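Numbering of ligands and ligand atoms starts at 1, following listing order. This structure is a prediction, so every number in the text was calculated from the model and none was measured.
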Amino acid sequence: MTPALVTRFAPSPTGELHLGHAFSALTAWDAAFAAGGRFLLRIEDIDATRARPVFEAQILEDLAWLGIRWETPVLRQSEHLADYHAALEDLADKGLIYRCFRTRADVASEITRAPHGPSAAVFTGAALPPDAEAERLSRGEAFAWRLSLTAARRWLGPAYDALTFQEAGRGPAGEQGTIRAEPDRLGDIVLARKDVGVAYHLAVVVDDARQGVSHVIRGCDLFEAAHIQRLLQALLDLPTPVYRHHPLLLGPDGKRLAKRNGAPALRALRDAGETAEDVRRRIADALAAS
Ligand code: GLU
């Protein structure tokens, strides 16, 4: 028996939802509905410096107004930090992460100076020698935990180059079907920082597994993320869902729809008396124009 489709919409409560978010949420909701599957809502509020309860409340109102229904309780990532730290510790025990003391500005300037130019460059590094590291720790210097792709390659052996995921939608360049995961496209990503205890990629793979998500349905701006998330699943012995990336709605300027290029907030549409059907019509029009 094929297991029922389980999918999720995972907004970060850092602003108001607009038409692009409605498209994403409705795509996942319609897929679950059509398959007689399950639709989950996950509030990705691990970045306490940006997440706001007021936006979370508004997200629930907007989604209900769109006709979407979700299972309760809603998973709120800020309530599961211990689980993400356990995953981080698992990676640390396997020797797969290292402390990086560079500031974001240091990393940006190193990437700019890379031999093949900034577009081809991603950051890769290594742990400092133990005495140098101990000294910086004793000075109380801030650091980020980075995933070491070199260590990951060593840990997985030949399996590293054989990692794949299924793309049931399309990537930004039309990628479909079995895709070879290329984590090196993202480099040694940050998995935890001082201000944000755990990074998006780690929390997402832990939660997609915990919630039994069979299909990750989301915008193709996150297609690249699947490459590194596939690696994290392998390193943490977690299952890999099917990915179904959908196109992004474009604004009148041909750029991805966003607040700054005039995407109306769902709340504004609601206040103006529009209905969920009007939103679906707007989405169809925007897709036709893209
Ligand atoms: N929280 C992410 C966002 O709002 C989405 C994560 C995902 O769908 O994997 O962009």
Side-chain angles (χ1 to χ4, degrees), residues 5-32 38-60 62-63 66 68 70 74-81 84 87 165-172 179 181 183 186 189-191 196-233 236 238-249 256-260 263 265-266:
L5 181 143
V6 181
T7 190
R8 75 330 188 254
F9 178 56
S12 306
T14 55
E16 297 189 307
L17 298 188
H18 56 63
L19 208 59
H21 298 110
F23 176 44
S24 209
L26 287 169
T27 303
W29 164 253
D30 290 348
R38 296 169 57 204
F39 176 89
L40 309 171
L41 174 63
R42 184 162 82 218
I43 301 294
E44 302 214 322
D45 58 350
I46 36 174
D47 185 348
T49 64
R50 297 176 60 225
R52 299 276 174 275
V54 56
F55 291 130
E56 181 184 326
Q58 211 172 303
I59 286 169
L60 302 186
D62 288 343
L63 295 177
L66 289 173
I68 292 175
W70 53 89
V74 169
L75 192 153
R76 193 177 289 118
Q77 289 188 326
S78 58
E79 293 170 358
H80 295 272
L81 298 180
Y84 313 132
F165 62 90
Q166 290 303 315
E167 176 56 67
R170 274 171 185 272
I179 311 287
L186 285 91
I189 55 155
V190 169
L191 289 182
V196 183
V198 64
Y200 154 73
H201 294 295
L202 189 59
V204 162
V205 297
V206 168
D207 286 340
D208 283 339
R210 177 217 314 269
Q211 296 189 287
V213 170
S214 67
H215 288 68
V216 169
I217 299 174
R218 62 185 181 190
C220 69
D221 53 328
L222 288 167
F223 178 77
E224 291 294 313
H227 287 270
I228 202 80
Q229 290 174 6
R230 178 65 189 92
L231 172 63
L232 287 171
Q233 287 150 5
L236 292 165
L238 299 174
T240 300
V242 171
Y243 289 89
R244 191 186 293 176
H245 292 96
H246 61 70
L248 300 181
L249 296 187
R256 174 188 174 186
L257 209 58
K259 278 279 280 301
R260 66 184 168 302
L266 295 182

For atom 5 (C) of ligand 1, closest protein heavy-atom neighbour: Ala10 O, 3.4 Å
Here the pair of heavy atoms bringing Arg244 nearest to Ala31 is NH1-CB, 3.5 Å
Report yes or no: does a heavy atom of Gln229 sit under 4.0 Å from some atom of ligand 1? no
Could you go step by step and tell me if Gln229 and Tyr200 meet the side-chain hydrogen bond (donor to acceptor under 3.5 Å, both in side chains) rule? CA-CA 10 Å; Gln229 290 174 6; Tyr200 154 73; 3.2 Å; yes
With heavy-atom distances below 4.5 Å as the criterion, would you say the side chains of Asp62 and Glu16 are in contact? no
Does ligand 1 have a heavy atom under 4.0 Å from the side chain of Val216, from its backbone, from both, or from neither? neither
Per-atom contacts, ligand 1 versus Arg8 - under 4.0 Å to a heavy atom: 7 (C), 8 (O), 9 (O)
Arg50 atom CZ, over 12 foreign heavy atoms within 6.0 Å: no
Measure the distance from atom 10 (O) of ligand 1 to every protein heavy atom, then report the residue, atom name and distance (to 0.1 Å) of the closest one. Leu222 CD1, 4.2 Å
Would Arg42 and Gln211 count as having a side-chain donor-acceptor pair, cut-off 3.5 Å? yes
Taking every non-hydrogen atom, the tightest pair across Gly219 and His245: O-CD2, 3.3 Å
Between Gly212 and Val6, the two heavy atoms sitting closest are O-CB, 3.4 Å
Can you sort out which atoms of ligand 1 are near Glu44, meaning under 4.0 Å from one of its heavy atoms? 1 (N), 2 (C), 5 (C), 6 (C)
Atoms of ligand 1 close to Arg218 [distance to a heavy atom under 4.0 angstrom, numbered from 1]: 7 (C), 8 (O), 9 (O)
the protein heavy atom lying closest to atom 4 (O) of ligand 1 turns out to be Ser12 OG, 3.3 Å
Under 4.0 Å from any heavy atom of Tyr200, which atoms of ligand 1 are there? 6 (C), 7 (C), 9 (O)
